[in-house]
Amino acid sequence: MIKAVRGTRDLLPPDTELWNFVEHTVREVFARYNYREIRTPIFESTELFSRSVGEETDIVSKEMFTWEDKARAASEKTQTLTLRPENTAGVVRAYIEHELGRSGLLQKLYYIGPQFRRERPQKGRYRQFFQIGAEVLGPTTAGSELPIRDAEVLDMLTALLDAVGLTGWTLYLNSVGCAKCRPAYNQALRDALENVKDQMCGDCQRRSETNPLRVLDCKVPEDQPIIEGLPKIADYLDEGCREHFAQVRAILDTLGIPYQVNERMVRGLDYYTRTTFEFTHGKLGSQSAVLGGGRYDGLSEQLDGPKAPGIGFAIGEDRLVLALQAQQQQTLAPLKAFVVPLGEGMNRHALKLAKQLRADGVAVDVSDESFRLKKSFETAEKLGATFAIIVGENEVKADAFAVKNLTSGLQTTVSRSELLGHLED
RNA sequence: GUGGGUAUAGUUCAAUGGUGGAACGCCGGUCUGUGGCACCGGAUGGUGUGGGUUCGAGUCCCACUACCCACCCCA
């Protein structure tokens with residue numbers, strides 16, 4: 001048997017209904033904030049990711065699905081392509097390529113789509129996974145750098161989580177500084193680690209060399225006192241970054257959005273500057289981050305584009321759905337009625353009635369006359385239909401049908417013209 | 001990529017190395033124009049894949065694959 005490959009999966013009914021509900025809600029909520037959809041290719045030049053996400057990150061150094069696309073003709077050239085491991089790079093690339101900044105307006109874009117990372121699958125982690133993300137970016141003159149944008153993004157996220165019914169989340173907030181002040185902090189951290197790293201766990205000793213910021217994220221209990229004593233990013237933020245972060249928090253306070261500043265929260269993509277954030281949820285096991293994001297004021301220039309500060313996020317849709325399922329969010333059965341033909345030659349009359357109801361926008365399904373009536377009722381029950389409508393000889397003659405409410409058990413005879421109104425009561 | 005666990009019917013699980021079972025679900029009947037309840041009856045897998053040990057393997061060994069948990073990391 002051929003099976004779905006490692007780390008990929010089929011989404012089947014009824015789960016797909018929850019996915020659709022989430023995506024529907026996303027589109028509706030994001031539209032209220034004036035975001036519009038962008039769709040970028042599912043694969044891009046490998047270089048796009050190595051230059052934006054960062055050559056040294058785990059994503060680029062070991063998790064990408066990359067292949068050589070060989071030249072087939074003189075007019076082609078061989079290039080190295082990669083299935084997108086995230087979508088911000090693609091959006092910024094599109095922003096640059098189509099000169100979206102020339103409108104002078106802030107670009108508020110969102111996307112929903114699959115991403116690919118070659119990691120070991122785990123709960124809430126798949127090799128093909130779905131992200132719902134949004135980016136707001138534009139020229140500085142459009143206000144793209146201002147704290148109000150950060151706060152608005154976070155406000156939209158809380159509105160979305162509210163709308164889909166997710167409870168029990170925590171918003172963690174941090175500022176990681178900018179290209180000017182972060183190097184100083186990095187250096188201070190390296191210097192401090194030099195003295196204490198041999199007392200720390202093996203992972204931290206390694207991180208001290210490769211990515212000192214990650215040491216802050218260590219969960220080994222013995223290391224915690226040492227980490228407490230390390231330099232704090234807040235003390236190294238320059239005036240601009242400090243003020244920016246303070247304003248973001250002030251606006252969040254005004255909006256009544258609860259958050260916790262977490263100075264240890266480190267994000268794994270190199271392009272983040274200033275504000276970074278993460279929403280976690282307790283029901284997700286060790287992959288507790290349901291969404292994450294941050295500001296990336298230098299990304300466009302890093303990709304040879306114009307100055308275009310921005311902020312964005314990605315929601316792990318798989319994880320959001322998992323969290324909702326853990327809350328036992330029930331999706332309702334959408335089927336209104338099950339039309340039951342009874343006796344020979346009734347199929348066509350049943351289908352005609354179904355056609356009429358469907359044209360009126362009612363979700364109905366149709367049985368067939370090979371089923372005994374009892375069986376059809378059982379099926380109606382299993383399908384979650386609210387009504388069963390019987391189409392027998394008597395009914396066809398009278399052009400009025402036996403309509404049974406499967407919840408209450410009450411049955412009445414309703415004429416064809418009154419049927420629609422009866423079902424919608 | 002690393003460590004650990006698991007893999008038996010549609011599902012959840014049983015089966016001291018000796019002919020693979022239960023529950024639920026499914027199908028049928030009691031009940032030939034009426035579901036949910038009850039009772040009766042029935043079908044369903046040869047044990048993830050490939051090797052090996054053994055007279056004999058679901059059971060022991062090896063490899064592979066997948067899933068789960070954790071690490072790493074991230075959404």
Side-chain angles (χ1 to χ4, degrees), chain A residues 1-9 53 56-63 84-88 112-133 157 201-204 206-207 210-211 213-214 217-220 265-269 272 276-281 284-294 312-323 338 340-343 346 367 369 371-395 401-411 413:
Chain A
M1 183 180 26
I2 299 174
K3 296 193 281 191
V5 306
R6 182 178 176 79
T8 70
R9 57 190 186 142
V53 175
E56 299 306 315
T57 60
D58 279 18
I59 292 177
V60 171
S61 66
K62 55 188 197 198
E63 295 173 1
R84 63 186 186 196
E86 59 104 53
N87 218 332
T88 299
I112 300 175
Q115 318 292 336
F116 306 85
R117 292 182 200 171
R118 200 179 182 292
E119 299 180 272
R120 184 114 160 213
Q122 200 178 316
K123 179 177 184 155
R125 172 193 285 167
Y126 309 97
R127 289 184 169 186
Q128 173 176 315
F129 60 103
F130 292 80
Q131 285 189 333
I132 297 165
L157 282 167
C201 69
D203 279 334
C204 280
R206 180 179 50 76
R207 291 180 187 123
T210 58
N211 191 350
L213 281 173
R214 289 237 79 88
D217 220 19
C218 178
K219 281 138 201 139
V220 177
M265 188 181 63
V266 172
R267 305 213 52 79
L269 284 62
Y272 284 122
T276 58
F277 56 87
E278 189 169 291
F279 284 68
T280 64
H281 190 269
L284 289 175
S286 108
Q287 312 305 322
S288 63
V290 70
L291 72 93
F313 61 83
I315 301 169
E317 190 174 4
D318 305 76
R319 292 183 185 175
L320 179 55
V321 167
L322 272 176
F338 195 55
V340 181
L342 180 67
M346 289 298 122
S367 184
E369 69 193 29
F371 282 144
R372 288 171 40 227
L373 194 54
K374 174 191 169 86
K375 168 83 170 169
S376 289
F377 267 82
E378 282 171 359
T379 304
E381 168 88 17
K382 279 180 207 155
L383 292 174
T386 312
F387 295 94
I389 303 174
I390 296 166
V391 181
E393 270 181 58
N394 300 338
E395 281 79 3
F401 305 90
V403 178
K404 183 164 185 176
N405 183 317
L406 292 168
T407 314
S408 67
L410 295 177
Q411 180 170 325
T413 301

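A, B, ... follow the sequence lines: proteins, then strands. Residue 1 opens every chain.
Under the Watson-Crick or G-U wobble criterion, with both distances below 3.5 Å, B/G3 is paired with B/C69. Searching all strands for a Watson-Crick or G-U wobble partner of B/G50 with both distances below 3.5 Å returns B/C62. With both pairing distances under 3.5 Å, B/U12 is matched to B/A22 as a Watson-Crick or G-U wobble pair.
Here the side chains of A/Arg120 and A/Arg6 are in contact, with some heavy-atom distance below 4.5 Å. Side-chain contact between A/Glu86 and A/Ile59 is absent, with no heavy-atom pair separated by less than 4.5 Å. Contact check for A/Val391 versus A/Phe401: side-chain heavy atoms found under the 4.5 Å cut-off. When side chains are defined from C-beta on, A/Lys123 counts as touching A/Leu322, because their heavy atoms get closer than 4.5 Å. Using a 4.5 Å heavy-atom threshold, the side chains of A/Arg319 and A/Ser288 count as separate.
As judged by a 4.0 angstrom heavy-atom cut-off over every strand, A/Gly392 is placed among residues making no nucleic acid contact. Looking at heavy-atom distances under 4.0 Å, A/Glu317 makes no contact with the nucleic acid at all. Across all strands, A/Gly133 comes closer than 4.0 Å to no nucleic acid atom at all (heavy-atom distances). Within 4.0 Å of A/Leu269, counting heavy atoms only, lie sugar-phosphate atoms of the nucleic acid but no base atom. Using a 4.0 Å heavy-atom criterion, one finds that A/Arg372 contacts the sugar-phosphate atoms exclusively. Within the nucleic acid shown, A/Gly124 comes within 4.0 Å of at least one base atom, counting heavy atoms only. Looking at heavy-atom distances under 4.0 Å, A/Val290 makes contact with sugar-phosphate atoms alone, never a base. Counting any heavy atom pair closer than 4.0 Å across all strands shown, A/Gln122 reaches a base atom. Nucleic acid contact for A/Gln115: none, since no nucleic acid atom lies under 4.0 Å from a heavy atom of the residue. Using a 4.0 Å heavy-atom criterion, one finds that A/Ala314 contacts the sugar-phosphate atoms exclusively. Note on A/Asn394: a base of the nucleic acid sits closer than 4.0 angstrom, heavy atoms only.
When rounded to the nearest whole Å, the span between CG of A/Leu373 and P of B/G35 equals 8 Å. If you measure from atom CZ of A/Phe313 to atom C1' of B/C74, you get 17 Å, rounded to the nearest angstrom. Residue A/Lys123 contributes atom NZ, which lies 18 Å from atom C1' of B/A66 at whole-angstrom precision. A/Leu383 has its CG atom 12 Å from the P atom of B/C26, to the nearest Å. In this structure, CD of A/Glu56 is placed 19 Å from P of B/C72, rounded to the nearest angstrom. B/G1 atom C1' lies 9 Å from atom CZ of A/Arg118, rounded to whole Å. For A/Leu410 and B/G35, the CG to C1' distance is 14 Å, given to the nearest whole Å. For A/Lys375 and B/G36, the NZ to P distance is 12 Å, given to the nearest whole Å.
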I would like to know whether A/Lys404 and A/Ile390 meet side chain to side chain contact (heavy atoms under 4.5 Å, CB included); could you show each step before the answer?
CA-CA 8 Å; A/Lys404 183 164 185 176; A/Ile390 296 166; 6.0 Å; no

Given side chain to side chain contact (heavy atoms under 4.5 Å, CB included), test A/Arg9 with A/Asp318 step by step and report yes or no.
CA-CA 11 Å; A/Arg9 57 190 186 142; A/Asp318 305 76; 2.7 Å; yes

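You'll find that the side chain of A/Arg125 is closest to B/C73, out of B/C73, B/C31, B/G35. Nearest nucleotide to the side chain of A/Asp58, out of B/C73, B/C69, B/G33: B/C73. Residue A/Glu378 places its side chain closer to B/G35 than to any other of B/C26, B/G35, B/C72. Nearest nucleotide to the A/Lys62 side chain, out of B/C26, B/C74, B/C72: B/C72. When distances run from any side-chain atom of A/Leu342 to the nucleotides B/A66, B/G33, B/U34, the shortest one goes to B/G33. Checked against B/C68, B/A66, B/C73, the side chain of A/Glu119 finds its nearest nucleotide in B/C73. You'll find that the side chain of A/Glu395 is closest to B/G33, out of B/U34, B/G33, B/C73. Among the nucleotides B/C74, B/C27, B/G35, the one closest to the side chain of A/Lys382 is B/C27. The side chain of A/Arg120 has B/A70 as its nearest neighbour among B/U34, B/A70, B/C74.
Applying the 90° criterion around 0 to the glycosidic angle, B/G25 comes out anti.
Taking the P atom of each, B/G52 and B/C39 are spaced 50 Å apart, rounded to whole Å. Separation of the P atoms belonging to B/A7 and B/C13 is 10 Å when rounded to the nearest angstrom. Using P as the reference atom, B/G50 and B/G18 are 23 Å apart when rounded to the nearest Å. As rounded to the nearest Å, B/U53 and B/G5 have P atoms that lie 26 Å from one another. Rounded to whole Å, the C1' atom of B/A9 lies 12 Å from the corresponding atom of B/A23. A gap of 11 Å separates the P atoms of B/C64 and B/U2, to the nearest Å. Rounded to whole Å, the separation between the P atoms of B/U6 and B/C74 comes to 31 Å. B/A43 and B/G28 have their C1' atoms separated by 10 Å, with the value rounded to a whole Å.
Between A/Pro121 and A/Phe129, the residue anchored closer to the 5' end of RNA chain B is A/Pro121, taking for each the nucleotide with the nearest heavy atom. Of the residues near RNA chain B, A/Leu291 and A/Thr8, the one whose nearest nucleotide (by heavy atom distance) lies more toward the 5' end is A/Thr8.
Looking at A/Lys374, its side chain has no donor and acceptor atom pair within 3.5 Å of the base of B/G33. With hydrogens and angles ignored, no donor-acceptor pair closer than 3.5 Å exists between the side chain of A/Arg6 and the base of B/C67.
Listed for the A/Arg84 side chain is no donor-acceptor partner under 3.5 Å among the backbone atoms of A/Phe116.
For the side chain to side chain contact (heavy atoms under 4.5 Å, CB included) with A/Leu291, the qualifying choice from A/Thr280, A/Leu320, A/Leu157 is A/Leu157, the only one to do so.
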